[in-house]
Number of protein chains: 2
Amino acid sequence: MSISSRFSVGIHILALIEINKNGTSTSEFLAGSVNTNPAVIRKIIGMLKGAGLVKVQPGIAGAELAKNLSDITLFDVYKAVNVVQEKELFSVHDNPNPDCTVGRNIQAAIVPVFEAAQTALEKSLGNVTVEDIVNDIIEKENIS
Amino acid sequence: MSISSRFSVGIHILALIEINKNGTSTSEFLAGSVNTNPAVIRKIIGMLKGAGLVKVQPGIAGAELAKNLSDITLFDVYKAVNVVQEKELFSVHDNPNPDCTVGRNIQAAIVPVFEAAQTALEKSLGNVTVEDIVNDIIEKENIS
DNA sequence: CTAGTTGTAACTATGATGGTTACATGTAAT
DNA sequence: ATTACATGTAACCATCATAGTTACAACTAG
């Protein structure tokens, strides 16, 4: 199991739009950097747009940021690209036997723990902004 | 995406072995409570055994706990049933374009953040033992 | 009207999941 | 020993998500 790379691609897209802000970030341009198909990029950009992170218009070349990158956390991107359903990071076996003590209580006992773990994950993602990522990229770039 | 229910089933198995400690927990018995196939249970028990959480012997009916449940955290179970690879909860797109500033630095910038988030998740699971789950089940049982 | 772009749908290959059946291996009791 | 019953695995299947690909309609600007 692994969380879809749509998430990392989404971050890549936002970072690149920023760094390429003087140019035009078409899906083809972005696809060249991510190294995938433009249609894949357009699909993800559509999700980012749906979350209000990006501005795009049919027929007009290029995507732009809809917010300041310091106002976009990785958690925002994570939600935008829909890689994990709310409260459903962990799947719980359904239909445990209600005639068994464990069977009829396991879900109620486990679910809150799973949700707490998922929240811990998401809170961690919420502590980092895409701007942090861009700054990190620039810094790494200047060092090497 | 969702983390395999092997995890919740693994917890169910350990809890039920405990609660049924005066009886014999065969794969068929456990399968009846989880509501799945005995072969599925045996596969998961094999993993729990590999992690030293459970004792089973070919030909001899029943699985037993190899440790005190208060010494088994949900993180131990999570590792045992191998639902998430180490440091690979999030997948990162491979082969980003090295000729692009973002492409050649995105992985290095993102991976530590992803690992931190995964660690937060796992730490949260490490705070709960299977004994806690069993106690919760018993409590819920007595209330209703 | 043309060229170029976005937005989508349809289709494919791949891999994980969860289940099922079957059977070899092993234990214990008669 | 033979029988009955468990475990340990392998093989196979249906289902689903992922990621990619192609194709094309809709739209904009020159």
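Because the structure is a prediction, the values reported are computed rather than measured. Note on naming: letters A, B, ... go to the chains in the order of the sequence lines (proteins, then strands), and numbering restarts at 1 for each one.
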Discussion item. Using OP1 and OP2 only, check whether a side-chain N or O of A/R6 sits under 4.0 Å from D/dT18.
Written reply: yes
Worksheet item: When all nucleic acid strands are considered with a 4.0 Å heavy-atom cut-off, which category describes B/V56: base, sugar-phosphate, or nothing?
Response: sugar-phosphate
Discussion item. Heavy-atom nearest nucleotide on DNA chain D for B/Q57 versus A/I3: which residue maps closer to 5'?
Written reply: B/Q57
Worksheet item: Does the salt bridge (Lys or Arg N to Asp or Glu O under 4.0 Å) test come out yes or no for B/K79 and B/E86, once each step is laid out?
Response: CA-CA 9 Å; B/K79 279 183 295 185; B/E86 198 169 347; over 6 Å; no
Worksheet, complete the sentence: Winner on side-chain proximity to A/N37, out of D/dT21, C/dG18, C/dT6, is D/dT21
Worksheet, complete the sentence: When rounded to whole Å, the NE2 to P distance for the pair B/H93 and D/dG20 reads 10 Å
Worksheet entry | Gap between atoms NZ and C1', on A/K43 and D/dC24 respectively (whole Å) | 15 Å
Discussion item. The side chain of B/R42 is closest to which nucleotide in this list: C/dT5, C/dT21, D/dT7?
Written reply: D/dT7
Worksheet item: How many Å lie between CG on B/N82 and P on C/dG18, as a whole number?
Response: 13 Å
Worksheet, complete the sentence: Regarding the side chain of A/S4, the nearest nucleotide among D/dT18, C/dG7, C/dG18 is D/dT18
Worksheet entry | N or O in side chain of A/S5 less than 4.0 angstrom from D/dT18 OP1/OP2 | no
Practice prompt. Taking atom CD of A/E141 as the centre, report whether more than 12 heavy atoms of other residues, nucleotides or ligands fall under 6.0 Å from it.
Written response: yes
Discussion item. Tell me whether the rings of A/Y78 and A/F7 are parallel (<30°), tilted (30 to 60°) or perpendicular (>60°).
Written reply: perpendicular
Fill in: 5'-most by nearest nucleotide on DNA chain C - B/P58 or A/A63
A/A63
Practice prompt. Mind calculating the distance between CD1 (A/I60) and C1' (C/dT6) to the nearest angstrom?
Written response: 10 Å
Fill in: Member of B/T129, B/L48, B/I11, B/V77 meeting the side-chain contact (heavy atoms from CB on, under 4.5 Å) criterion with B/I72
B/V77
Item to complete: Verify the contact: side-chain N or O of B/S27 to OP1 or OP2 of D/dA6, cut-off strictly under 4.0 Å; return yes or no.
Response: no
Practice prompt. Using heavy atoms to find the nearest nucleotide of DNA chain C for B/V83 and A/G46 separately, return the residue whose nucleotide is more 5′.
Written response: A/G46
Worksheet item: Roughly how many Å is it from CD1 in A/I44 to C1' in C/dT6, rounded to a whole number?
Response: 15 Å
Worksheet item: A/M1 has an atom CE; how far is it from atom P of D/dT15, in whole Å?
Response: 24 Å
Practice prompt. For A/V130 and A/L74, run side chain to side chain contact (heavy atoms under 4.5 Å, CB included): C-alpha distance rounded to whole Å, both residues' side-chain angles, the deciding distance at 0.1 Å, then the answer.
Written response: CA-CA 6 Å; A/V130 183; A/L74 295 202; 4.1 Å; yes
Discussion item. Does B/S2 reach a base, just sugar-phosphate, or nothing at all? Heavy atoms under 4.0 Å.
Written reply: nothing
Fill in: Whole angstrom value for the distance that separates C1' of D/dA19 from CZ of A/F7
18 Å
Worksheet item: How long is the line joining CZ of A/F90 and P of C/dA16, in whole Å?
Response: 19 Å
Fill in: Phosphate contact (C/dT5 OP1 or OP2) by A/T26 side-chain N/O below 4.0 Å
no
